[in-house]
Amino acid sequence: MSIEKVKENVYAITDGSTRGNVTAYVLPTQIVFVDSGMNIPLIKKFREHIEQETGKKASVLLITHEHGDHVFGNQIFKDCEIITSEFTHEEMIVSKEKNWTPESIEEWKKNAEDPSSLDGLEIVLATKTFADEYEIVDGDVKVIAKRTGGHTEGSSYVYCPNYKVLFAGDNLFNHQFPWGGPPSANPIKWVAAMKEYLSLDVEHYIPGHGQISNEEPLKEFLDYLEKVISLMKEQIAAGKTEEETLEEAEKIEYYPPREGREQWKIATLKKWYEVLTS
Ligand SMILES: [Zn+2]
């Protein structure tokens, strides 16, 4: 694991060791963490390291969305306020009851680089929720969590205008084909979210997966997404079948999904098509 100091008062892990990326915003009197990855011992180390280096304490964990690789480290922040959107909270309750069974956790472990990274996993839910927006103000520093939808209906970004850093969660897969297949994924909301990110004063974008960047990968992804949507709309208007439409959409060039997730592309295009025809 390598802890990156993105800039003064902002830290992140984006090397894949925690699977989903994680971030810490150091405010004047407290530390706000964003997402908790899926490697419990590393998240514990990350928290300890930032607390030690800054002499401040974690107070809040913000969660961008409900997927296991972004929330399985929540137990490290049990003493903090854990905050997420209502949609994400509802999805986590359902997953806790139905999807994250002992058997499925075993599957997650098998797919993790280090299966012991999920030993003692405890699903910890949010302690506070917001509908669309939540703001933390500490002295003259502000951290804003805002729900946009896109990757999932609850997907929210976390932005600090003072530090000019935006954590995008899984609305951004830097230079990788994104996972757009969740049941509540929505390409139209995704476009609006990307445009919103680009309208803000940001120096560093932190994706849910991949490296920290400037705005270039966002523009590339927005361009791709808009091309797919307009092609699909044309095909639908021309009375083409789903099969024909997907075949054309597959030809639009973009980065491949990460290794082992090749099926993401067609599943994502199918989901987007489904949303556009519903
Ligand atoms: Zn996700």
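If you read the sequence from its start, that first residue is 1, and numbering goes on from there. Values below: all heavy atoms of this structure, side chains included; hydrogens, waters and symmetry mates excluded. Just so you know, ligand 1 is whichever comes first in the structure, and atom 1 is the first atom listed for that ligand.
Take the N/O/S atoms of H67: the one nearest the Zn ion (ligand 1) is ND1.
Under 2.8 Å from the Zn ion (ligand 1) lies no N/O/S atom of H70, from backbone or side chain alike. In summary, an N, O or S atom of D170 is located under 2.8 Å from the Zn ion (ligand 1).
Ring-plane geometry between H70 and H209 is classed as perpendicular, the angle between the planes exceeding 60 degrees on a 0 to 90 degree scale with a lower cut at 30.
When each of V228, I229, L222 is paired with E226, the side chain to side chain contact (heavy atoms under 4.5 Å, CB included) condition holds for L222 and for no other. Residue Y157 is tested with Y205, Y197, W190, F167 for a ring-ring contact (aromatic ring centres under 6.0 Å, His included); the sole match is Y197. Considering N9, V6, V34 as possible partners of Y25, the one that fulfils the side chain to side chain contact (heavy atoms under 4.5 Å, CB included) test is V34.
Of the angles at the Zn ion (ligand 1), the one spanning NE2 of H65 and NE2 of H151 is 100° when given to 10°.
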